[in-house]
There are 2 protein chains.
Amino acid sequence: MQKESAKDCIDHFIKRAKNLGLKITPQRCAVFRIVSQSKDHPTADQVFHDVNQEFPNISYDTVNRTLLTFTEIGLIEVVQTQGGPRRFDPVTDQHHHFQCLSCGKIIDFYNDNYDDLKIPDDMQKKFTVYNKRVVLSGRCWECRKQKKKSDFIKNSKAKN
Amino acid sequence: MQKESAKDCIDHFIKRAKNLGLKITPQRCAVFRIVSQSKDHPTADQVFHDVNQEFPNISYDTVNRTLLTFTEIGLIEVVQTQGGPRRFDPVTDQHHHFQCLSCGKIIDFYNDNYDDLKIPDDMQKKFTVYNKRVVLSGRCWECRKQKKKSDFIKNSKAKN
DNA sequence: CTTTTTGCAAAGCGTTTGCATTGAA
DNA sequence: TTCAATGCAAACGCTTTGCAAAAAG
């Protein structure tokens with residue numbers, strides 16, 4: 001569902017919401033459109049900011065609660081992060097994450113080998129597995145250019 | 001380093017801390033011991049509670065700041081979660097995570113195939129990759145027994 | 001018309017910061 | 001003796017809650 005048009009996305013949302021008995025409000029449509037178009041794991045606040053452009057009266061709470069509702073019905077996902085504000089992700093095709101341990105940034109990447117990973121039988125038995133993802137972590141190129149704090153500690157000692 | 005004794009763990013901590021010019025305080029030793037023995041991804045508050053048993057005067061801030069310091073020097077890790085309080089994980093051997101999308105619980109599991117995953121060349125070039133992990137997500141057996149909220153919504157409509 | 005949803009405000013919870021005091025090296 | 005680490009307290013940011021008004025079905 002990556003190349004779908006905005007129209008198709010909205011239709012998808014409306015269909016799913018109606019199935020579940022959720023009401024179709026303009027606010028929800030706007031929130032869904034913004035978050036499903038976003039490519040960078042926005043926080044509720046960022047979504048609010050964008051939606052606010054065309055809905056000056058919408059409240060932050062509505063945006064936040066709408067995002068949580070969408071998450072519960074599986075329309076979007078909450079990205080796993082290391083603390084900090086919650087980040088949302090439109091449910092799209094299979095992809096994987098690289099997370100920078102210094103700045104916390106999460107970068108999507110695609111890899112066919114990873115997509116082919118099998119889910120172990122014992123896990124399938126114990127749990128209901130909906131999704132799999134490989135998470136690589138380390139340092140992004142921007143943070144690699146900067147000194148690590150641990151280096152700083154070491155150097156400050158070495159200098160004395 | 002999974003079967004190391006408590007003594008070995010402390011030695012490991014002391015060696016690493018000295019290398020970096022960090023001071024060895026009783027508080028830091030206690031925090032390190034508690035978190036390295038824990039098996040369930042404790043929050044700062046949980047670590048504080050445990051350490052507090054033997055250090056009635058230690059402050060929450062010291063525990064929290066110590067955990068962050070340990071994270072920066074790579075002694076422990078921050079677990080990726082979906083919002084909620086930050087959770088810490090002793091750096092041990094290669095393992096993977098299953099996360100329940102309903103209750104947020106994170107369960108470690110081991111899988112040799114996953115351990116053997118190669119890190120793609122283009123990722124290695126772009127970033128410095130320290131760690132890899134497969135994250136499965138879905139519903140744990142406890143939550144599977146309960147109704148999903150989306151089911152609830154559907155049913156409450158069906159009943160009317 | 002009924003019930004959900006919205007907007008607002010306040011409360012809650014976890015994290016971070018500043019600073020004087022303490023303690024490791 | 002020096003500088004990092006600690007403890008305390010206040011500030012901060014994000015999330016959650018309660019409720020009256022508004023809107024969808």
Side-chain angles (χ1 to χ4, degrees), chain A residues 13-15 17-32 42-49 51-52 55-73 78-79 81-88 104 149-150 152-160, chain B residues 13-14 17-32 41-49 51-52 55-73 78-79 81-88 104 149-150 152-160:
Chain A
F13 155 62
I14 290 179
K15 192 179 154 195
K18 278 193 178 166
N19 268 341
L20 295 168
L22 293 179
K23 301 196 169 172
I24 317 291
T25 66
Q27 291 93 330
R28 281 178 172 168
C29 288
V31 169
F32 181 77
T43 61
D45 197 64
Q46 289 167 335
V47 176
F48 168 67
H49 180 264
V51 174
N52 201 35
F55 271 85
N57 285 331
I58 200 171
S59 76
Y60 170 83
D61 292 293
T62 298
V63 173
N64 193 42
R65 261 183 284 114
T66 300
L67 289 169
L68 293 176
T69 303
F70 287 174
T71 303
E72 278 184 295
I73 66 176
V78 175
V79 187
T81 54
Q82 305 188 350
R86 197 182 274 133
R87 291 180 171 277
F88 297 90
K149 176 155 181 188
S150 52
F152 172 73
I153 296 171
K154 197 169 195 172
N155 288 343
S156 73
K157 196 211 175 150
K159 278 177 195 164
N160 295 343
Chain B
F13 155 61
I14 290 180
K18 279 194 177 166
N19 268 341
L20 295 168
L22 294 179
K23 301 194 170 172
I24 317 291
T25 66
Q27 290 93 331
R28 282 179 171 168
C29 288
V31 168
F32 181 77
H41 315 292
T43 61
D45 198 63
Q46 289 167 334
V47 176
F48 169 67
H49 180 265
V51 174
N52 201 35
F55 272 85
N57 285 330
I58 200 170
S59 76
Y60 171 83
D61 291 293
T62 298
V63 173
N64 193 41
R65 262 183 283 114
T66 300
L67 289 169
L68 294 176
T69 303
F70 286 174
T71 303
E72 278 184 295
I73 66 176
V78 174
V79 187
T81 54
Q82 304 187 353
R86 195 181 276 133
R87 291 180 171 277
F88 297 90
K149 174 155 183 188
S150 52
F152 172 72
I153 296 172
K154 197 168 195 173
N155 288 344
S156 73
K157 195 211 176 151
K159 278 176 195 165
N160 294 342

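These numbers come from a predicted model, not from an experiment. By convention in this document, chain letters (A, B, ...) are assigned in the order of the sequence lines, proteins followed by strands, and residues within each chain are numbered from 1.
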| field | Value in whole Å for how far the P atom of dT15(D) lies from CZ of F48(A) | value | 13 Å

| remark: By nearest-heavy-atom nucleotide on DNA chain D, the more 5' of T62(B) and K23(B) is K23(B)

| message | If I take atom CG from residue L67(B) and atom CD from residue E72(B), how far apart are they, to the nearest 0.5 angstrom? | response | 12.0 Å

| request: Could you tell me whether L68(A) contacts a base, only the sugar-phosphate backbone, or nothing, with contacts defined as non-hydrogen atoms closer than 4.0 Å? | output: sugar-phosphate

| query | Rounding to a whole Å, what distance do you find between Q82(B):CD and dC14(D):C1'? | reply | 16 Å

| field | Whole-Å gap separating C1' (dT5(C)) and CD1 (I58(A)) | value | 11 Å

| said: Nearest 0.5 angstrom please: I24(B) CD1 to R28(B) CZ, how far? | reply: 8.0 Å

| said: Side chain of D61(B) only, heavy atoms from C-beta on: which candidate in dT17(C), dT5(C), dC8(C) is closest? | reply: dT17(C)

| Nearest non-hydrogen partners of T43(A) and F88(A), listed with the distance | C-CD1, 4.5 Å

| task | Measure from CG on L22(A) to C1' on dT3(C) and round the result to the nearest Å. | result | 13 Å

| message | For T71(A) and Q82(B): C-alpha separation, side-chain torsions, deciding distance, then whether side chain to side chain contact (heavy atoms under 4.5 Å, CB included) applies. | response | CA-CA 11 Å; T71(A) 303; Q82(B) 304 187 353; 5.8 Å; no

| said: Holding to side-chain hydrogen bond (donor to acceptor under 3.5 Å, both in side chains), I want the full list of residues that pass it with T62(B), two or more places apart in sequence or in another chain. | reply: S59(B)

| task | Classify the angle between the aromatic ring planes of F32(A) and F70(A) as parallel (below 30°), tilted (30 to 60°) or perpendicular (above 60°). | result | perpendicular

| message | At less than 4.0 Å, is any side-chain N or O atom of T25(A) found next to OP1 or OP2 of dT4(C)? Yes or no. | response | no

| When rounded to the nearest 0.5 angstrom, what distance separates CD1 in I58(B) from CZ in F48(B)? | 7.5 Å

| dT3(C) C1' sits how many Å from I24(A) CD1, rounded? | 15 Å

| Where V63(A) and A44(A) come nearest, the two heavy atoms and their spacing | CG1-O, 3.8 Å

Between the protein and nucleotides 11-15 of chain C, which nitrogen or oxygen pairs are less than 3.5 angstrom apart?
residue: dT15(C); atom: OP1; partner: R86(B); partner atom: N; Å: 3.0
residue: dT15(C); atom: OP2; partner: Y60(B); partner atom: OH; Å: 2.8

| Phosphate contact (dG7(D) OP1 or OP2) by Q27(B) side-chain N/O below 4.0 Å | yes

| Between P of dC3(D) and CG of L20(B), the distance in whole Å | 20 Å

| remark: Between its two end axes (five pairs each) the helix from dC1(C)-dG25(D) to dA25(C)-dT1(D) turns, nearest 10 degrees, through 50°

| Counting distance only, does the side-chain N/O of R86(A) pair as donor-acceptor with the main-chain N or O of V78(A) below 3.5 Å? | no

| remark: N57(B) CG to dA5(D) C1', in whole Å, measures 15 Å

| task | Figure out the CD/P separation between Q46(A) and dC14(D), and round it to whole Å. | result | 10 Å

| query | Which part of the nucleic acid, if any, lies within contact of R28(A), taking any heavy atom under 4.0 Å across all strands shown: a base, the sugar-phosphate backbone alone, or nothing? | reply | sugar-phosphate

